[in-house]
Amino acid sequence: MVVGAAITRGGRLLVQQRAFPADAEGRWELPGGRVDPGEDDRAALARECREELGADVAVGDPVGPDVPLKPDLLLRVHTAELAPGSPEPTAVEHRALRWIAPTDLDALDWLPADRALIPALRALLT
Ligand SMILES: Nc1nc2c([nH]c(=O)n2[C@H]2C[C@H](O)[C@@H](COP(=O)(O)OP(=O)(O)OP(=O)(O)O)O2)c(=O)[nH]1
(Lines give C-alpha, C1' and ligand atoms only; values in the text may rest on other atoms or scores of the structure.)
Protein backbone atom coordinates (compact mmCIF):
# COMPACT_ATOMS: atom_id res chain seq x y z
CA MET A 1 0.00 0.00 0.00
CA VAL A 2 1.09 3.55 -0.81
CA VAL A 3 -0.63 6.19 1.33
CA GLY A 4 -1.07 9.84 0.36
CA ALA A 5 -2.12 12.85 2.41
CA ALA A 6 -4.69 15.37 1.19
CA ILE A 7 -3.51 18.16 3.52
CA THR A 8 -5.91 21.09 3.33
CA ARG A 9 -5.82 24.58 4.81
CA GLY A 10 -8.09 27.50 4.03
CA GLY A 11 -9.59 25.79 0.97
CA ARG A 12 -6.22 24.89 -0.53
CA LEU A 13 -4.44 21.57 -0.99
CA LEU A 14 -0.72 20.93 -0.41
CA VAL A 15 1.00 19.28 -3.39
CA GLN A 16 4.68 18.50 -3.95
CA GLN A 17 6.79 18.24 -7.08
CA ARG A 18 8.96 15.16 -7.49
CA ALA A 19 12.69 15.55 -8.09
CA PHE A 20 13.18 11.88 -9.13
CA PRO A 21 13.05 9.32 -10.75
CA ALA A 22 13.41 10.52 -14.34
CA ASP A 23 9.90 9.47 -15.44
CA ALA A 24 8.26 11.27 -12.49
CA GLU A 25 10.63 14.25 -12.19
CA GLY A 26 8.76 17.56 -12.37
CA ARG A 27 5.35 15.98 -11.84
CA TRP A 28 3.15 16.64 -8.82
CA GLU A 29 1.84 14.29 -6.14
CA LEU A 30 0.47 14.20 -2.63
CA PRO A 31 2.86 13.75 0.30
CA GLY A 32 3.15 10.11 1.35
CA GLY A 33 4.84 6.84 0.49
CA ARG A 34 4.91 3.12 1.11
CA VAL A 35 3.47 1.64 4.28
CA ASP A 36 6.16 -0.36 6.09
CA PRO A 37 5.49 -3.95 7.22
CA GLY A 38 3.55 -3.92 10.49
CA GLU A 39 2.72 -0.21 10.19
CA ASP A 40 -0.85 1.08 9.81
CA ASP A 41 -1.85 3.57 7.13
CA ARG A 42 -2.22 6.53 9.47
CA ALA A 43 1.12 5.97 11.19
CA ALA A 44 2.80 5.61 7.81
CA LEU A 45 1.33 8.90 6.61
CA ALA A 46 2.40 10.76 9.72
CA ARG A 47 5.93 9.33 9.33
CA GLU A 48 6.16 10.19 5.62
CA CYS A 49 4.92 13.76 6.20
CA ARG A 50 7.49 14.24 8.94
CA GLU A 51 10.24 12.92 6.62
CA GLU A 52 9.14 14.73 3.44
CA LEU A 53 7.74 17.99 4.80
CA GLY A 54 9.29 18.34 8.24
CA ALA A 55 5.71 18.83 9.46
CA ASP A 56 3.34 17.13 11.88
CA VAL A 57 -0.07 16.15 10.50
CA ALA A 58 -3.31 14.91 12.00
CA VAL A 59 -4.53 12.17 9.64
CA GLY A 60 -8.25 11.79 8.96
CA ASP A 61 -10.43 9.40 7.00
CA PRO A 62 -9.77 7.93 3.54
CA VAL A 63 -10.99 10.09 0.67
CA GLY A 64 -11.71 9.07 -2.92
CA PRO A 65 -11.09 5.70 -4.54
CA ASP A 66 -8.18 3.36 -3.90
CA VAL A 67 -6.15 3.77 -7.10
CA PRO A 68 -4.23 0.78 -8.53
CA LEU A 69 -0.57 1.64 -9.17
CA LYS A 70 0.58 -1.89 -10.07
CA PRO A 71 -1.17 -5.29 -9.83
CA ASP A 72 -0.12 -5.61 -6.19
CA LEU A 73 0.03 -1.96 -5.16
CA LEU A 74 -2.74 0.53 -4.29
CA LEU A 75 -2.65 4.27 -3.56
CA ARG A 76 -4.99 5.25 -0.71
CA VAL A 77 -5.40 8.92 0.20
CA HIS A 78 -6.49 10.21 3.61
CA THR A 79 -7.58 13.70 4.54
CA ALA A 80 -5.11 15.49 6.79
CA GLU A 81 -4.42 18.81 8.46
CA LEU A 82 -1.29 20.33 9.92
CA ALA A 83 -1.22 19.59 13.63
CA PRO A 84 -1.40 22.60 15.98
CA GLY A 85 2.11 23.95 16.47
CA SER A 86 3.54 22.04 13.49
CA PRO A 87 6.45 23.62 11.65
CA GLU A 88 5.47 25.04 8.25
CA PRO A 89 5.95 22.35 5.55
CA THR A 90 9.14 22.56 3.50
CA ALA A 91 10.35 20.59 0.48
CA VAL A 92 12.90 18.32 2.16
CA GLU A 93 13.37 15.87 -0.70
CA HIS A 94 11.08 17.38 -3.33
CA ARG A 95 11.68 20.18 -5.81
CA ALA A 96 8.83 22.40 -4.67
CA LEU A 97 5.62 22.63 -2.66
CA ARG A 98 2.43 24.50 -3.56
CA TRP A 99 -0.88 25.14 -1.85
CA ILE A 100 -3.31 24.88 -4.77
CA ALA A 101 -6.89 26.06 -5.21
CA PRO A 102 -9.66 23.81 -6.57
CA THR A 103 -9.39 25.61 -9.91
CA ASP A 104 -5.74 24.46 -10.20
CA LEU A 105 -6.53 20.73 -9.88
CA ASP A 106 -7.20 19.92 -13.53
CA ALA A 107 -4.20 21.72 -15.01
CA LEU A 108 -1.59 20.42 -12.55
CA ASP A 109 0.91 17.96 -14.09
CA TRP A 110 0.00 15.14 -11.70
CA LEU A 111 1.52 11.68 -11.54
CA PRO A 112 -0.95 9.78 -13.75
CA ALA A 113 -2.65 7.74 -11.00
CA ASP A 114 -3.56 10.85 -9.03
CA ARG A 115 -5.89 12.15 -11.73
CA ALA A 116 -8.48 9.60 -10.56
CA LEU A 117 -8.58 11.48 -7.25
CA ILE A 118 -9.36 14.91 -8.70
CA PRO A 119 -13.16 14.75 -8.20
CA ALA A 120 -12.75 13.72 -4.56
CA LEU A 121 -10.08 16.37 -3.98
CA ARG A 122 -12.32 19.03 -5.55
CA ALA A 123 -15.18 17.99 -3.28
CA LEU A 124 -12.86 18.25 -0.28
CA LEU A 125 -11.88 21.82 -1.19
CA THR A 126 -15.30 23.22 -2.05
N1 LIG B 1 3.70 9.63 -2.21
C2 LIG B 1 3.00 9.45 -3.31
N3 LIG B 1 3.33 8.47 -4.18
C4 LIG B 1 2.58 8.36 -5.28
C5 LIG B 1 1.49 9.21 -5.55
N6 LIG B 1 0.95 8.86 -6.75
C7 LIG B 1 1.65 7.81 -7.22
O8 LIG B 1 1.48 7.22 -8.28
N9 LIG B 1 2.66 7.50 -6.32
C10 LIG B 1 3.63 6.42 -6.51
C11 LIG B 1 5.02 6.92 -6.79
C12 LIG B 1 5.86 5.79 -6.26
O13 LIG B 1 5.94 4.76 -7.24
C14 LIG B 1 5.05 5.26 -5.10
C15 LIG B 1 5.48 5.79 -3.76
O16 LIG B 1 6.66 6.42 -3.89
P17 LIG B 1 7.44 7.23 -2.78
O18 LIG B 1 8.76 7.55 -3.36
O19 LIG B 1 6.60 8.38 -2.28
O20 LIG B 1 7.52 6.14 -1.63
P21 LIG B 1 8.65 5.82 -0.61
O22 LIG B 1 9.18 7.13 -0.08
O23 LIG B 1 8.11 4.88 0.37
O24 LIG B 1 9.81 5.21 -1.50
P25 LIG B 1 9.99 3.92 -2.41
O26 LIG B 1 10.07 2.75 -1.47
O27 LIG B 1 8.84 3.81 -3.38
O28 LIG B 1 11.27 4.22 -3.10
O29 LIG B 1 3.71 5.64 -5.35
C30 LIG B 1 1.17 10.25 -4.64
O31 LIG B 1 0.25 11.06 -4.81
N32 LIG B 1 1.95 10.33 -3.53
Side-chain angles (χ1 to χ4, degrees):
M1 178 73 71
V2 173
V3 285
I7 304 172
T8 56
R9 183 169 68 185
R12 290 181 171 254
L13 174 72
L14 185 63
V15 293
Q16 57 184 12
Q17 186 179 33
R18 290 195 69 110
F20 63 89
D23 63 343
E25 182 199 345
R27 302 185 100 170
W28 296 80
E29 65 172 11
L30 299 172
R34 286 174 199 261
V35 179
D36 287 340
E39 193 179 41
D40 71 33
D41 290 6
R42 285 183 167 80
L45 259 185
R47 174 182 54 74
E48 290 282 357
C49 289
R50 170 47 74 178
E51 290 172 4
E52 294 181 350
L53 304 169
D56 300 314
V57 297
V59 179
D61 290 331
V63 60
D66 286 352
V67 185
L69 298 179
K70 294 183 196 172
D72 58 345
L73 194 64
L74 287 176
L75 170 64
R76 178 174 294 161
V77 171
H78 285 248
T79 62
E81 293 184 347
L82 293 181
S86 169
E88 194 63 15
T90 56
V92 175
E93 52 191 38
H94 283 70
R95 188 175 290 171
L97 300 182
R98 280 179 62 193
W99 290 95
I100 64 166
T103 49
D104 300 322
L105 285 166
D106 282 328
L108 196 72
D109 186 16
W110 290 102
L111 290 184
D114 292 54
R115 299 205 72 86
L117 294 159
I118 289 175
L121 295 173
R122 182 176 290 112
L124 198 60
L125 294 174
T126 50

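The first residue of the sequence shown is numbered 1, and numbering continues consecutively from there. Counting starts at 1 for both ligands and their atoms, following the listed order.
Nearest protein neighbour of atom 14 (C) of ligand 1, counting heavy atoms only, is Val2 CG2, 3.9 Å. When hydrogens are left out, the protein atom nearest atom 9 (N) of ligand 1 is Leu111 CD1, 3.7 Å; that is the closest non-hydrogen contact. When only non-hydrogen protein atoms are considered, atom 3 (N) of ligand 1 lies nearest to Glu29 OE1, 3.3 Å. Leu30 O, 2.7 Å is the protein heavy atom nearest to atom 32 (N) of ligand 1. Of all protein heavy atoms, the one closest to atom 20 (O) of ligand 1 is Gly33 CA, 3.5 Å. In terms of protein heavy atoms, atom 8 (O) of ligand 1 is closest to Leu69 CD2, 3.3 Å.
At a 4.0 Å heavy-atom cut-off, ligand 1 touches Arg18 through the side chain alone. Contacts of Leu75 with ligand 1, taken as heavy-atom pairs under 4.0 Å, involve the side chain alone.
Under the 4.5 Å side-chain heavy-atom criterion for grouping Ile, Leu, Val, Met, Phe, Trp and Tyr, Met1 is connected to Val59 within one hydrophobic cluster.
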Test side-chain contact (heavy atoms from CB on, under 4.5 Å) applied to Leu105 and Leu125, step by step = CA-CA 10 Å; Leu105 285 166; Leu125 294 174; 4.3 Å; yes
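Relative to atom 19 (O) of ligand 1, the option among Pro21, Gly32, Pro112 with the closest non-hydrogen atom is Gly32. Between the choices Asp114, Val35, Asp23, the shortest heavy-atom distance to atom 6 (N) of ligand 1 belongs to Asp114. Heavy-atom proximity to atom 27 (O) of ligand 1, evaluated over Arg34, Met1, Lys70, Glu51, is greatest for Arg34.
Rounding to the nearest 0.5 Å places CG of Leu121 at 7.5 Å from CD1 of Ile100.
Put simply, the residue from Leu30, Asp41, Ile7 that forms a side-chain contact (heavy atoms from CB on, under 4.5 Å) with His78 is Asp41. Checked against Arg18 for a salt bridge (Lys or Arg N to Asp or Glu O under 4.0 Å), the options Glu52, Glu25, Glu29 give a single hit: Glu29.
Under a cut-off of 6.0 angstrom, the local environment of CD in Glu81 is sparse, with at most 12 non-hydrogen atoms contributed by other residues, nucleotides or ligands.
Inter-residue side-chain proximity for Leu117 and Pro65 is flagged as met; some heavy-atom pair is nearer than 4.5 Å. When side chains are defined from C-beta on, Val57 does not count as touching Leu45, because their heavy atoms never get closer than 4.5 Å.
Numbered from 1 in the order shown, with element, the atoms of ligand 1 that lie under 4.0 Å from a heavy atom of Glu48 read 22 (O), 23 (O).
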